[in-house]
Engineer: 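Provided herewith is a single structure, encoded as structure tokens, for subsequent inquiry.
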Amino acid sequence: MSEGTRFMTVAEVADQIRVSKMTVYRLVHSGELEAVRVGRSFRVPEHAVEELLTKSYYQVG
């Protein structure tokens, strides 16, 4: 992670990608979404959310 890495809360990630917080927790625990544990909560680097969305694109047709 670079010095200027911005972190998001689980709630912010859920809001941005329009899923429940539980789905974000599942993605973190399965290793599909990179996260850092801070105390009892998780913080997700913005780049990890973008990577998840990029690799999740589904080509139709």
Engineer: Distance check, rounded to the nearest 0.5 Å: Leu27 atom CG versus Phe42 atom CZ?
Structural biologist: 12.0 Å
Engineer: Considering non-hydrogen atoms only, spot the tightest contact between Pro45 and Glu34 and give its length.
Structural biologist: CD-O, 3.5 Å
Engineer: If hydrophobic clusters are built by linking Ile, Leu, Val, Met, Phe, Trp and Tyr wherever their side-chain heavy atoms come under 4.5 Å apart, do Met8 and Val19 end up in the same one?
Structural biologist: yes
Engineer: How close do Val44 and Ala35 get, heavy atom to heavy atom, and via which atoms?
Structural biologist: CG2-CB, 4.1 Å
Engineer: CG of Asp15 to OG of Ser20: how many Å apart, nearest 0.5 Å?
Structural biologist: 11.5 Å
Engineer: So, taking the atom named CZ in Arg43 and the one named OG1 in Thr9, what distance separates them when rounded to the nearest 0.5 Å?
Structural biologist: 6.0 Å
Engineer: More than 12 non-hydrogen atoms from neighbouring residues, nucleotides or ligands closer than 6.0 Å to CZ on Arg37, yes or no?
Structural biologist: yes
Engineer: With ring-ring contact (aromatic ring centres under 6.0 Å, His included) as the test, would you mind laying out the steps for Phe7 and His47 before giving the verdict?
Structural biologist: CA-CA 9 Å; Phe7 291 90; His47 72 84; 8.3 Å; no
Engineer: If Ile, Leu, Val, Met, Phe, Trp and Tyr residues are connected whenever their side-chain heavy atoms lie under 4.5 Å apart, and connections chain through other members, are Leu53 and Val24 in the same group?
Structural biologist: yes
Engineer: Kindly compute the distance separating OG (Ser30) from CD (Glu32), expressed to the nearest 0.5 Å.
Structural biologist: 3.5 Å
Engineer: Enter the distance from Glu46:CD to Gln16:CD here, rounded to the nearest 0.5 Å.
Structural biologist: 7.0 Å
